[in-house]
Amino acid sequence: VQLQAFGGGLVQAGGSRRLSCTASGRTSFSTYGMGWFRQAPGKEREFVAAISRSSITYYADSVKGRFTISRDNGKNTVYLEMNSLKPEDTAVYYCAAATSATSFRSDYVYTRRYNYWGQGTQVTVSS
């Protein structure tokens, strides 16, 4: 499974941005749990949002109400719609796939839950 993320760039505080992540290769995308993580300079990679195979969504408290994760199984793509962006949202954003047969529990926040990762896309929010 290969994951490729798109949509990063420079945006002003208060603005919006949509990230996309498309899976290719031997994939059963509709059976995967998908997640978005981010990593700012000098910080550890942190959970942002996740969506289960049944489209249940989960969010970090820091983005709840501002970010929306969704998926289009027909396009093998997961999206992250980001609104009301803040300078502290500046980071490299990574998409990830959890391909095991077990459903998400509270473990969706951990990087170890995911076994495929995209290359990352930089989002910079200017104040």
Considering only residues two or more places apart or on different chains, which pairs with a residue in residues 7-18 satisfy side chain to side chain donor-acceptor pair (under 3.5 Å)?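 Applying side chain to side chain donor-acceptor pair (under 3.5 Å) to every pair that reaches into residues 7-18, excluding sequence neighbours, yields Ser16-Asn83.
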
Counterpart residues, salt bridge (charged side-chain N to carboxylate O under 4.0 Å, His left out), relative to Glu46 (two or more places apart):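 So Glu46 forms a salt bridge (charged side-chain N to carboxylate O under 4.0 Å, His left out) with Arg38.
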
Would you please name every residue forming a salt bridge (charged side-chain N to carboxylate O under 4.0 Å, His left out) with Lys64, sequence neighbours left out?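 In terms of salt bridge (charged side-chain N to carboxylate O under 4.0 Å, His left out), with neighbours along the sequence ignored, Lys64 is linked to Asp61.
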
Is there a path from [X] to [Y] through hydrophobic residues (I, L, V, M, F, W, Y) whose side chains come within less than 4.5 Å of each other?
X	Y	answer
Ile56	Ile51	no
Val109	Tyr116	no
Val1	Trp117	no

Is there a side chain to side chain contact (heavy atoms under 4.5 Å, CB included) between Val123 and Met82? Walk through the geometry before answering. CA-CA 10 Å; Val123 174; Met82 305 183 293; 3.9 Å; yes

I need the Arg71 CZ to Asn76 CG distance, nearest 0.5 Å.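 Those atoms lie 9.5 Å apart.
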
Summary of salt bridge (charged side-chain N to carboxylate O under 4.0 Å, His left out) pairs that have at least one residue in residues 109-127, sequence neighbours excluded: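 Every pair satisfying salt bridge (charged side-chain N to carboxylate O under 4.0 Å, His left out) with a residue in residues 109-127: Asp107-Arg113.
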
If you compare all heavy atoms of [X] against all heavy atoms of [Y], which two are closest, and at what distance to 0.1 Å?
X	Y	answer
Gly8	Leu19	N-CD2, 3.6 Å
Ala91	Ala40	CB-N, 3.9 Å
Leu3	Ala23	CD2-CB, 3.6 Å
Gln122	Val92	OE1-CG2, 3.2 Å
Ser127	Ala13	CA-CB, 4.2 Å
Ile69	Met34	CD1-O, 4.1 Å

Tell me every residue that passes side-chain contact (heavy atoms from CB on, under 4.5 Å) with Ser30, counting only those two or more places apart in sequence or in another chain.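 By the side-chain contact (heavy atoms from CB on, under 4.5 Å) rule, Ser30 matches Asn73.
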
So which of Phe37, Phe47, Trp36, Tyr32 actually passes ring pair (Phe, Tyr, Trp, His ring centres under 6.0 Å) with Tyr114?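 The option that passes is Phe37.
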
Sub-3.5 Å donor-acceptor pair from the side chain of [X] to the main-chain atoms of [Y], do we have one?
X	Y	answer
Gln4	Gln119	no
Asn115	Thr99	yes
Thr27	Ser24	no

What pairs of residues pass the ring-ring contact (aromatic ring centres under 6.0 Å, His included) test when at least one of them lies in residues 58-99, not counting sequence neighbours?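 Only Tyr58-Tyr108 qualify under ring-ring contact (aromatic ring centres under 6.0 Å, His included).
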
Thr22 and Thr77: side-chain donor and acceptor closer than 3.5 Å?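 The criterion, which ignores hydrogens and geometry beyond distance, is satisfied for Thr77 and Thr22.
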
